[in-house]
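Note sheet for the following structure.
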Amino acid sequence: MKSFGLELKLLFADRATWGLLVVFVATLVYGLVNGAEAGARARDNAEAVQRDAFEWNRQVREVLERQSLDPRQVAGRPTSALLPPAPVPALAVGQSDLLPSVEQVSLWRLEKPSEGRAELENPSRLMAGRFDLAFVLVWLFPLFLLAAAYDLCAGDRESGTLRMALAQGASPRRWIALRALARGTPILALAVAATLFAGSSGTAPDAGQRGALAALVVLAYGLFWLAVAAVINGFARSAAAAAMAAGTIWVVFVLVVPTLLNVVVESLHPAPSRAELVAEARAAASDAEKRGNELISSFYRDHPELAPPGMQADMMSRMLAVQDEVGRAMEPVKERFDEAILAQQQVVDRWRFASPAIATHEALTELAGTGYWRHRAFREQVEAFKGAVHAYYSPKFHKRVPLTKADLPHFPRFEFAEEPASVWRARVLAGVAGILALALACGIWAATRLSPQKLSA
Amino acid sequence: MLEALKLTKRFQDRVALDALDLRVEPGEIFALLGPNGAGKTTTINLFLGFLTPDSGEARVAGTSVAADPVAARRKLAYIPEMVSLYPRFSGVENLDYFSRLGGHQRRRDELYGLLEKAGLQREAAERRVGTYSKGMRQKVGIALALATGAKALLLDEPTSGLDPAASHEFSRMLKRLAGEGVAVLMATHDLFRAREDAARVGILVGGRLVAQYSAKDVKDRDLEEIYLERISA
Amino acid sequence: MILTIARKEFVDAWRDGRFRVGALLVLVLLVVAGLLARQQVERAQAERASAAELERRNWVEQGNKNSHSAGHYGVNVFKESSPLAVFDRGVEPFVGTAVFLEAHRQNQVAFLPAQDATAMRRFGELSAALALQVLVPLLVILLAFGAIAGERESGTLRQVLSLGVSPSAIVLGKALGLLASVAALLAPAAAILAWLLARAAGPGASEVWTRAGWLAAAYGAYVTLFAAISVAVSASTRNARTSLTILLTFWAVNCIVAPRLASDVVHGSLPTPKLAEFETEMQKDVQDGLDGHDSRSKQLEAFTRKTLQEHGKSRVEELPFNFQGHVMLESERLASVVFDHHFGKLWDRIQEQDRAVALCGVAAPMLALRSASMAFAGTDFAHHRRFARAAEEHRREFVRLLNEDLKYNARPGDHRYTAGRELWERLPVFQFEPPPFAFAWSEARRSVLVLLGWFAASILGLVWSATRLRAVVA
């Protein structure tokens, strides 16, 4: 441990270290600020949606206090299904700038393909991605770590001091491991601190827990890169060669492997065409439209209890029957879509350890609440909610039962239920375990390379 | 051929070379002795134009180095302690490249001839130089001097680290070059080689040329004794 | 002399196993990216073509109905990829692919392909453009960082200079040899991309070569400036390690940090409006009029009065045409003024942002290159805006024809009027003609200028580094 302190002292004696740390802190702070801003914006949007919903409810209640209401007046107005702001938005903007967090559900539009967008974002900003904490941690943090620790012994090997140290009987494994840790510690500590801070800034009750897990992810990811630095030093014969190898490995893991995985994913499970989906939905609709009268009479034959007095369907009931038919026709098409995207994500989950950068990115967005699975849960719940809206209003519609004050508490309302902690925690911990395993594998490899015999050769 | 006229170089406030006056005639081998930091390499760098003198002048075959370093270098060949070569090229490819850079394009068989003349067999010359010993590298350096037809040769500790046989072979080559009229300035710590090969020997101490001896002067006396005496004076 | 040095550098590079591996990797990525993109673009085009055909059928076979109801029924039109999306997909995954054209509303182009993909796509989509923007510069750096600093360390620089080679010949020869090595690596990729382009069909195919030529020039300048900067830095640093550190930092800032930093900073000072506010305000202005005090109902009332006056009638039923259709035409006209205002402002803002980011290219050349590349490839926002604009114009024409049919063919006051297939078939099919090269050029010229500035500065830097080249660094 004495040499650990010595290494730290040596590290801080170098002005370049301070420069590196200052720049790293600046990027962390900027990332945090950016993420926090995105979070604040999401909160504003959510509050506006909630205010609207509240205002509408108040109006409905007021009217119902006085009189009953035609269900059409209530069901026709869209209800906003809202995905609440992410639990730890400062951690990662993730997909939240791309996927909509509000969906308008109304009885009339249940089968319209949702075409929502998250925001009026400049597409090139979506393309570039945000400078958020996750960006700093996944992309830049390894660069800073490697800058601090790429030359653990390669330079000594080049200058010959390594042979001298080995001749003194120093154990290179212990010495290099200590040196890697000492060089990495300040950067690691800052990254972990920033992550914990992001966690503490979250508003959700479990934000602290999410932040702590994120810190664990970051720590594992950092250890992986330090182990990579150790492996590099087992091979490199000069500092420049070590730097070159470090840069190349970074590019492979952080840039090349993820883009290749994307290619694999999209070739294995290409998303069906939205264009065709839209056109098919319309074809189904116009087909159903033409059979409108037939549809409504067969509907009343099947559901005599819903038939209005005199079996006389009005235009709206007919439209509803048409819509139900479209829904039935489109079910398999929509399912194909859903399955393709799910299959894509499953491939990503399976192959995320091809690069710890992917595993880390997935884990951080998951913990932030801006990743795939939370949004998928939202979409599934929206689908279920559409079902609830249909189930509640449709019979009242057909029978033209007026809504009264007593019905008010039974109006379908959308309340997003977060995934149980055990589910996302299991995914994240699997990610951490995987990254640590990779770090360990690199560490063992480095240990076999860092023997006195191989180093002095 | 090689002339230094009151050549002076300072680094910050330290005088590296103090008004050096020196002439090396065609066909003459001049050995420059002196302890580390005496100014030997500085002298060579000044002749090469890698440093600019604070005062005085270095001339190569009448051309002032400061005024036209490129023209001066064209008349020179330079062999450092460790001849640096491109590891991914063979000996002959290295020679080809360097002699082209020196403005002399030669046919392959000519180059092989020059390398052989310098003591490097064809089979070795075809190998990549990554595996070359120091002596083999020196031979490429000599072949290069032959290829560019240099009028003057600057050597910086050419024999340090060579085994005695390689050192002997190198000195044989050197004498042959001098015999062809090349002026040779050799900075060295090798007192044995200096006494054996040099027509004149100069001792540099603290940037000043404190003594010069002809081969005849040192023939009968112990050069080591003279050297130690001079540098401690 | 310069050629001798360049040739030696070229041979030396290709004898370096690490360069060969890196070059092979980059080459494979480029080719794979090109082929995959071709496949994707072709598939998307086929899908959109069949969807467009189906939509036309839906439209034509919608049955008899009031022509204004047909306006509500509407039609979807689909965006076609630019042929050069094979090379640079630009923002295409992040802008919509279909827009619903209907009466009364100007809709956003919807369905972003990126929404139907995993977060992996946010790491950057593999494309030939990305490989050239990010990976090739890295390869150049790894090849060049030691070009002179390494020779200084190993001592060959002293020897080369001792032979009387002029420093500028060394520096220029190195840069040239380096470029030749990279060009040799890129040549097969370029040939394959050219072959892919030659097979391109569809709108915009005629100007593909002009655009491709400019793309080649822009990327050529970019790679060259990286080579020049690398050699200049290598010439000015004491050892290879320092040279590599400086160059890798420059690379990371340029390729990794700058794109995100620039777009975030620009967005901070030139924000886009919030989606909800944008829509609410537009709806409000449609109702209340742009100036806020002349509401639509008031304007339409005045319009009715004026119409009656012009025709000297006292009741709308007495007018010689269907008044409902007449009012619809006017109300579309009024609304379109509001749409133009709001969408114009939004799109102007986005383009302002894009231009500001491209201008940040002064600090990081990749930003300028990326913007020029997307403009030449026809995959930037400006090109997308042209599509959205054309779709909107089509909508207006289409709604106008329907409303005019109502106005002139429905009897006054007839609420049961229907039109049929004959009218639906008369409505034009949407055809988007991509803007000419001159449009791309006007979008790209600022970025090209910035790139040119970098190019010139890098060459000057290279020459300057030659004047300071020393064998011995005191």
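Numbered from 1 within each chain, the chains take letters A, B, ... in sequence-line order.
The 12-atom threshold is exceeded at NZ of K134(B), counting heavy atoms of other residues, nucleotides or ligands nearer than 6.0 Å. More than 12 heavy atoms of other shown residues, nucleotides or ligands fall within 6.0 angstrom of atom CZ in R127(B). Taking a 6.0 Å sphere around NZ of K175(B), one finds it holds more than 12 heavy atoms contributed by other residues, nucleotides or ligands. The 12-atom threshold is not exceeded at CH2 of W464(C), counting heavy atoms of other residues, nucleotides or ligands nearer than 6.0 Å. For R106(B), the CZ atom counts as densely surrounded, since its 6.0 Å shell holds more than 12 non-hydrogen atoms of other residues, nucleotides or ligands. Within a 6.0 Å sphere centred on CZ of R468(C), heavy atoms belonging to other residues, nucleotides or ligands number 12 at most.
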Given side chain to side chain contact (heavy atoms under 4.5 Å, CB included), test R100(B) with K8(C) step by step and report yes or no. CA-CA 11 Å; R100(B) 275 169 199 267; K8(C) 178 249 155 195; over 6 Å; no

Hey, mind stepping through L161(C) and Y78(B) against side chain to side chain contact (heavy atoms under 4.5 Å, CB included) and telling me if it holds? CA-CA 10 Å; L161(C) 284 171; Y78(B) 163 61; over 6 Å; no

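Within the cation-pi definition used here (under 6.0 Å to the ring centroid, within 45° of the axis), R15(C) qualifies as a partner of F89(B).
Looking at heavy atoms from C-beta onward, N45(B) lies in side-chain contact with R158(C) at the 4.5 angstrom threshold. At a threshold of 4.5 Å between non-hydrogen side-chain atoms, the residues S154(C) and Y86(B) do not count as touching.
Proximity to chain B is absent for every atom of I170(C), based on heavy atoms less than 4.5 angstrom apart. Only the side chain of L144(B) comes within less than 4.5 Å of a heavy atom in chain C; its backbone stays farther off. Contacts of L48(B) with chain C are made by side-chain atoms alone, with heavy-atom separations under 4.5 Å and no backbone atom involved. Heavy atoms closer than 4.5 Å to chain C are found nowhere in Q105(B), neither backbone nor side chain.
The line from CG of L157(C) to CZ of F50(B) is 7.0 Å long, rounded to the nearest 0.5 Å. Rounding to the nearest 0.5 Å gives a distance of 11.0 Å between CZ of F19(C) and CZ of R88(B). Annotation: the span from I79(B) atom CD1 to S162(C) atom OG amounts to 9.5 Å, rounded to 0.5 Å.
In terms of heavy atoms, R74(B) sits closest to L163(C) at NE-O, 3.6 Å. Listed here is the closest heavy atom pair of T156(C) and L85(B): CG2-N, 3.8 Å.
Among V83(B), T148(B), L154(B), the residue with the largest count of heavy-atom pairs under 4.5 Å with chain C is V83(B). For the set D16(C), V160(C), V165(C), the count of heavy-atom pairs under 4.5 angstrom toward chain B peaks at D16(C).
At least one donor-acceptor pair closer than 3.5 Å links the side chain of Q159(C) to the backbone N or O of S84(B).
Qualifying side-chain contact (heavy atoms from CB on, under 4.5 Å) partners for L209(B), counting only residues two or more places apart in sequence or in other chains: L20(B), L22(B), L32(B), L204(B), Q212(B).
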